[in-house]
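Working notes, structure below.
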There are 2 protein chains.
Amino acid sequence: MRREDVVEIRKLELFRACADETFDALVTAGFLQRFPPGVVLIQENEPSDFLYIVVEGLVEMFAGHAGRETTIGFVRPIGTFILAAVLKDQVYLQSARTLEKSRVLMIPAANVREAMQHDTAFMSAIVGELSTCYRNLVKELKNQKLRTGTERLANWLLRANEKQGGSGMVELGIGKRVLASRLGMTPENLSRSFAALGPHGVVVNGPRIRIADMETLRRFARPSRLIDDLTS
Amino acid sequence: MRREDVVEIRKLELFRACADETFDALVTAGFLQRFPPGVVLIQENEPSDFLYIVVEGLVEMFAGHAGRETTIGFVRPIGTFILAAVLKDQVYLQSARTLEKSRVLMIPAANVREAMQHDTAFMSAIVGELSTCYRNLVKELKNQKLRTGTERLANWLLRANEKQGGSGMVELGIGKRVLASRLGMTPENLSRSFAALGPHGVVVNGPRIRIADMETLRRFARPSRLIDDLTS
DNA sequence: CGTAGCATTGATGTGGGTCAACGTATGTGG
DNA sequence: CCACATACGTTGACCCACATCAATGCTACG
């Protein structure tokens, strides 16, 4: 494991405030693994053996039921997933797979729980992380229940544009079929939603999207700080 | 505030393990308020001044956007709400209103945050509570994205039946219009969904539902531990 | 009583899923 | 280098899930 990666992980909200010994112990106990794209890292309903930290690449969280499947979210460097399952020592509720070639740090769940009990600053950081994740999930539920698919796409584009500098040129960065699942629709419907956004100032060119008229798109999308803000 | 209420609150997962001084300080700092039905206790986008504990009655969590509104969940005695907002000292993402005559204990947010920093056992309980809430929310998101409205209703009935003793007679306990919002559909569609469950062994009689054929209903509903379990 | 709110039902429209066909890369092996 | 296979995105036809609008009956309550 590269030193620069360790430095980056240390900067995570989750690890920033904890003691050196805590951090070192966790990193030492962890395994750094490389995975090609498309590898399933964890599967729902399995016991939570590790806390996962994405050091490089891209991981998709998803879940299935009765023959259907949906994407819950993505984890990019540097980010963690399934913290809650690890803390409660219960089965995963989500599955995870790599979308790109990825490097992932796996920390044994028992070590995380133990570290939390011995380092108050770390536990405090966990509270912060869980609260943030909880609030993001509330926003996602509101996104799903209060908006149509096309509206979700419009807001996703606005947010992606800001993350990429606000130039009005958006690179999807993920396949459209995965984006469709993320937004809770079928690939066919995503195509039609893109078409429907044409009159609202959106020009599609393969994986490159141009927001030609930001004001019109915003008027249609109706972004809300209580749904779309990333931070909190 | 009655002594027996204090005893019950003390039994909450959130307060069970904390020090006596922590608990007493929080309860002393809190205000016990009575509200008639239909009172809005908090509104989304307002700063989080209090942690709320429902001592008696029934509270609905809901959220609105662009003229639409949806129910996120219910809080029954003894239960807490908006813990995450309080911990992050940020605005509420949900609103809350009483559905019945209720008694609610309001604890100033600053006291909660302070207590957490001074009582490790309390902080540990907060981690447990947040993890549980997070996982319940993941389940709700899966419920929404992976099921149709009628399927959600069928599973809701199965769960309500178990909570009420498993006799096969289910009392709704809330208005059908509120239930519809909870399940993410309109009141009209809830009526039709009830009708659609007739062939699957469900008999409706106003607010009293009879599950005449449990096996048939379960076969239709396809309940899953990864979506419908209350505990975890 | 009269009125207001709620549940139900029907008619109708829209969002979105399903199925099928087709085009366009991107590879792979001959 | 080409033929072929595969995966993906797009488009059209069609159908189901669900919302909307309107009308009706019911119950609860002042």
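We use all heavy atoms of the structure for the numbers below, so side chains are in, but hydrogens, waters and symmetry mates are not. These numbers were taken from a predicted model, which means no experiment stands behind them. First the proteins, then the strands, lettered A, B, ... as listed; each starts at 1.
- Scanning atom types as modelled, one donor and one acceptor separated by under 3.5 angstrom connect the side chain of B/Glu188 and the base of D/dC21.
- Using a 4.5 Å cut-off on side-chain heavy atoms (C-beta onward), A/Glu151 and A/Phe220 make contact.
- What separates CE of A/Met185 from P of C/dT18 is a distance of 14 Å, to the nearest Å.
- Look at CD on B/Gln144: it is 14 Å from C1' on D/dA17, rounded to the nearest Å.
- Here the side chain of B/Thr186 is nearest to one of D/dA19, C/dT8, C/dG16, namely D/dA19.
- B/Phe194 has its side chain within reach of B/Leu157: a pair of non-hydrogen atoms, C-beta onward, lies under 4.5 Å apart.
- When the nucleotides C/dT8, C/dG16, D/dT10 are ranked by their closest atom to the side chain of A/Val204, D/dT10 comes out on top.
- Atom CD1 of A/Ile209 is separated from atom P of D/dG9 by 11 Å (rounded to the nearest Å).
- Residue B/Leu190 contributes atom CG, which lies 15 Å from atom P of D/dT20 at whole-angstrom precision.
- Using a 4.0 Å heavy-atom cutoff across all strands shown, B/Gly175 reaches sugar-phosphate atoms only and no base atom.
- Shortest non-hydrogen contact noted between A/Arg222 and A/Asn155 is C-OD1, 4.0 Å.
- Using a 4.5 Å heavy-atom threshold, the side chains of A/Glu129 and A/Leu12 count as separate.
- The phosphate of D/dG9 has OP1 or OP2 within less than 4.0 Å of a side-chain N or O from A/Arg177.
- The interatomic distance linking B/Leu153 (CG) with C/dT8 (C1') rounds to 15 Å, in whole Å.
- Classification of the A/Tyr52-A/Phe81 ring pair by plane angle, with boundaries at 30° and 60°, yields parallel.
- Spacing between atom NZ of B/Lys176 and atom P of D/dC26 amounts to 15 Å, rounded to whole angstrom units.
- Counting to the nearest Å, the P atom of D/dA19 and the CD atom of B/Glu69 are 15 Å from each other.
- When the P atom of C/dC6 is taken as reference, atom CG of B/Leu99 falls 12 Å away, rounded to whole Å.
- A/Arg192 contributes no side-chain N or O that forms a donor-acceptor pair with the base of C/dT14 under 3.5 Å.
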